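As C-alpha cells, the structure follows; a few thoughts come after it.
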2 protein chains.
Amino acid sequence: MEIKAKVTIHDIAEKLNITASTVSRALNNSPRISETTKKAVLKAAKQMNYQPNNIAAALRNGKSNIIGVIVPTADRAFFASVVRGIEEVANTLDYKVIISQSYDSYEKEVQTIEALFRARVDGIIASIGKNTEDFEHFKKAQQKGMPLVLFDRTTDALEVSQVMIDDYWGAYKIVEHLIEQGCRRIAHFTNPKKVSVFKERLRGYTDALKNNGLPYEEELVVPSNLQLEDGRASMEQLLQLKEVPDAVFSASDFAAMGAMQVLKERSIKIPEQVALAGFSNDPFTSFSDPPLTTVDQLSIPMGKMAAELFFQQLKTDPNKYIPQKTVLKPELVIRKSSLKKEAQLIAATTAQK
Amino acid sequence: MEIKAKVTIHDIAEKLNITASTVSRALNNSPRISETTKKAVLKAAKQMNYQPNNIAAALRNGKSNIIGVIVPTADRAFFASVVRGIEEVANTLDYKVIISQSYDSYEKEVQTIEALFRARVDGIIASIGKNTEDFEHFKKAQQKGMPLVLFDRTTDALEVSQVMIDDYWGAYKIVEHLIEQGCRRIAHFTNPKKVSVFKERLRGYTDALKNNGLPYEEELVVPSNLQLEDGRASMEQLLQLKEVPDAVFSASDFAAMGAMQVLKERSIKIPEQVALAGFSNDPFTSFSDPPLTTVDQLSIPMGKMAAELFFQQLKTDPNKYIPQKTVLKPELVIRKSSLKKEAQLIAATTAQK
DNA sequence: TTTTAAAATGCAAACGATTGCGCAACCTTT
DNA sequence: AAAGGTTGCGCAATCGTTTGCATTTTAAAA
C-alpha cells in the first residue's frame, strides 16, 4: 500500500476502457448509464481507492458545499453551541462549515466576509458584531445571490432571513415569575447600546411591571456593560437606595453573578431578601450557589434553525425568496435564586422545629 | 451597481489588452512583471470589483488553504477554545478552518475525516474520540502527505505531531499545593479508561503523596465517569469512610463540583474541613462558591500551538519532517476551595474579636 | 545600425469533474 | 425492410488560475 498518485475519473475510465464522462455519470448515478457499467465503475473506484475531488467539482458547478459562519468569538458558550447546531444539520447534507471570528470588530468582520467570498462559500450564517452599524458587506453577499442568514444579533436594515429568540417574551415571563414569587421592587440591569436584544428585554421588564400593577421606577433600572464587575457595581449602587429592591432581573448572567457575589458578601439572603434572575443560561449558572434562575436562549436549536433557513434559501430561486424571520420562544430556567416562596416555606418549617 | 457577471482575470486582461497570464502574475506580484502593468492591473481589479476564485486556484495548485479540525463536540468549553486558538493563527496566514464533530463516535470520526479529504483540506488537526482505538483513518492522512496534528487526546500509535499538557505535572503540583495547605488525607477522583490523561493525573497524585511522605491509600482513590453526578456519588462514598479525607483532588471539574455540592449540603466546611481541587479550569469553576481551585489546560495556547505545528509541517518536506511532541505546562489556578490556611486564619481573627 | 542580452509578456496546457450535444447500436413498429 | 424510438456512451468545451516555455519588446553593447 504505497502512496499512489491520486486517482481521477480518467484513471478509472482508462482502466475500464470507457470515457471520463461515463465514469462521472456513473458515479453520480445518472439514469443514462447502464447498471452494468455503473457497477463496474463503482467497483473500480473502490478498488483503486478513488477520492472525488470536490474542488474540481466546485469549480465546474460553481458551488462549494461550504457554509461560512461568522461569530464574534468561537469560544463563547452561546456561539459555540450555535456553531454546533449549524454543523449538525450541515453535516447531514454533506455541507462543511467554515468558522471565522470577527472579534466584534467591524473591520475584522468585513475582512472575514471577503475571505469567505474568496473561499467561495455557498452562503453565510452570521451573528453581527457589536460595533457594526454599516451593513454593506452583508449586502454584497445578497447581491451575489448567496443565502444569508443572521442569528441572535440581527438587524432590520437588511432584508434577510434571521433567527432570534423572543427577548421580550423571555424578559416578560421571568419578571412575571419574580412577581409571582412575591417580589414587588424589581430592579433591572440593562445595556445602553443600540443592540436590540437589551431594548427588548427592558421592554419586557417594563411591560410586565405595568401589567401587574407595579410602578416603573427609574432608579431601579441600571445600565452598564453587563460584565461580572458591572454587575457588582450595579448591585452596590442599588444597595445605596433608601428602598432596596427585593429582586434583580439582569439582562446578562454575568452581571447577575456579580450581583450574587455582592449580596452574599453582605449576607443578604438570596432569594429571601433579594431574588435574582439572569438571561442566557450560560453553563455556569447551574453551578452557582444558589443556582441562578435564567432564560435559556436555545442555542443549539437556534443553530439548527439557522442552518435550515439557509438550506431553504439555497433551494429557492433568489428572486422568489422571501426572507423568513424566525423567533424562538426561550425557555425559563427556574432555579433557587428566585424561588422565594419555597425558600420561605423551608425557613418556616425549619424554624417550627 | 447591479450584479455584474463575475469578473475573472480574463476580463481584466481584456480590458487592459494583455493576457490572463500577465494579470495572474501581476496579482501574485511576480518579479517578471513590470511595475507599471502591476499598478494598472491592481487598479483595474479594484475598479471592476474583482474577486479571486480560490477554488480555481486550489484546483490548479492542489492546495485549498483550508485546515480541517475534528473535535468531539464543538461546544465543550475546552474544545471551543482550542478551535478559537487555531482559527486565530490560521487567520493570520489566510487559511480557513473547517470544523467538524465526531461526537466521540469512531464511525463518525472515520466518516468525518473522509469528508475532509473530499473537501481537499490541506491537512488536519484533531482530538481523538474517546472510543477510537484504531487509527487507520489518521494514517491515511499521513500517507497522503498531509500535515496531521493531534491535540489533547493523542496516541502514541501514530508518529505524529501532538500538543498536550503535562497532566502529570499539573496533578503533582496541585496535590503538592494541597499538602502545603496542611491536607494529609487527600482523595482522588479518577477515570478507569485507558485514556492516558487520567492515568497521568493519577500518577502525579501518587508521586506527590509519596515524595511528601504521605501514604497512598486505595480507599481514597475512587474511579468513575467524572460527571457531576459521579462526583456526588464518589463524595458520598468517601464520607462513609472511618477516616474521612481532608481534601479531594478530582481529575475533572465537574466531579469536583458534585463533591462540593454534597459537602455543602452536609455543612462540611470547604476548605477548612475538606479542601477541593479540580482539573481543566472550566469557566464555571470561578463562579462556584467557594470558587474552585483547578488546573488550567491552556486551551487557547494549545490551539495556537497546534496550528503552529501544522504550518511548520506544511512548510517542510514530508520525508524530512520529524513529528514534534509539544507538552505545555499547565497553570495552577488557586482559588478559595483549597486555601485552607487563609480560611483558618480568617476564622481565627474573626473568633478573636 | 546591427548584435545581444535582459526584461516583459503571451501561448497553451494543465488541474479534475461536469454536461450539452451528437452518434452509434439496438429494438420496435408498420 | 425502412422509418422512427430508445438506450448507452463519447466528444469536447467549460469552470478560473497557474506556470513552463516560447516570443516579443526594450535597452545596452559593438
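Below, read A as the first sequence line, B as the second, and so on, with proteins coming before strands; counting in each chain starts at 1. This one's a predicted model, so the numbers in the text were calculated from it and none came from an experiment.
As rounded to whole Å, 18 Å separates atom P of D/dT6 from atom CD1 of A/Ile33. Rounded to a whole Å, the CG atom of B/Asn29 is 17 Å from the P atom of D/dT17. Rounded to whole angstrom, the span from the CZ atom of B/Arg118 across to the P atom of C/dG16 amounts to 17 Å. Remark: C1' of C/dA14 and NZ of A/Lys6 are 14 Å apart, rounded to the nearest angstrom. Atom CD1 in B/Ile18 sits about 12 Å away from atom P in C/dC11, given to the nearest Å. Atom-to-atom, CG of B/Leu59 to P of D/dT14 comes out at 17 Å; the value is rounded to the nearest Å.
Using a 4.5 Å cut-off on side-chain heavy atoms (C-beta onward), B/Lys304 and B/Leu298 make no contact.
With a 6.0 Å radius and a threshold of 12 heavy atoms from other residues, nucleotides or ligands, B/Glu159 has its CD atom at or below the threshold. In the displayed structure, B/Glu14 atom CD is contacted under 6.0 Å by at most 12 heavy atoms of other residues, nucleotides or ligands. More than 12 heavy atoms of other residues, nucleotides or ligands sit less than 6.0 Å from atom CD of B/Gln312.
A rotation axis mapping the C1' atoms of four pairs onto the next four is fitted at both ends of the helix from C/dT1-D/dA30 to C/dT30-D/dA1 over five pairs, and the angle between these axes is 50° to 10 degrees.
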Item to check | Working for side chain to side chain donor-acceptor pair (under 3.5 Å), residues B/Lys38 and B/Asn29 | outcome: CA-CA 7 Å; B/Lys38 273 185 196 171; B/Asn29 200 23; 2.9 Å; yes

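Annotation: cation-pi pair B/Lys140/B/Phe117 absent, no NZ/CZ under 6.0 Å from the ring centroid and within 45° of its normal.
Put simply, the residue from A/Val163, A/Val160, A/Ile125 that forms a side-chain contact (heavy atoms from CB on, under 4.5 Å) with A/Leu150 is A/Val160.
Residue pairs meeting the ring-ring contact (aromatic ring centres under 6.0 Å, His included) criterion with at least one member in residues 58-114 of chain A, sequence neighbours excluded, are A/Tyr95-A/Phe311, A/Tyr106-A/His137.
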Checklist entry - Which parts of nucleotides 17-27 of chain C does protein reach within less than 4.0 Å, heavy atoms only, written one letter per nucleotide 5' to 3' as B for base, S for sugar-phosphate only and - for none? => result BBBBBB-----

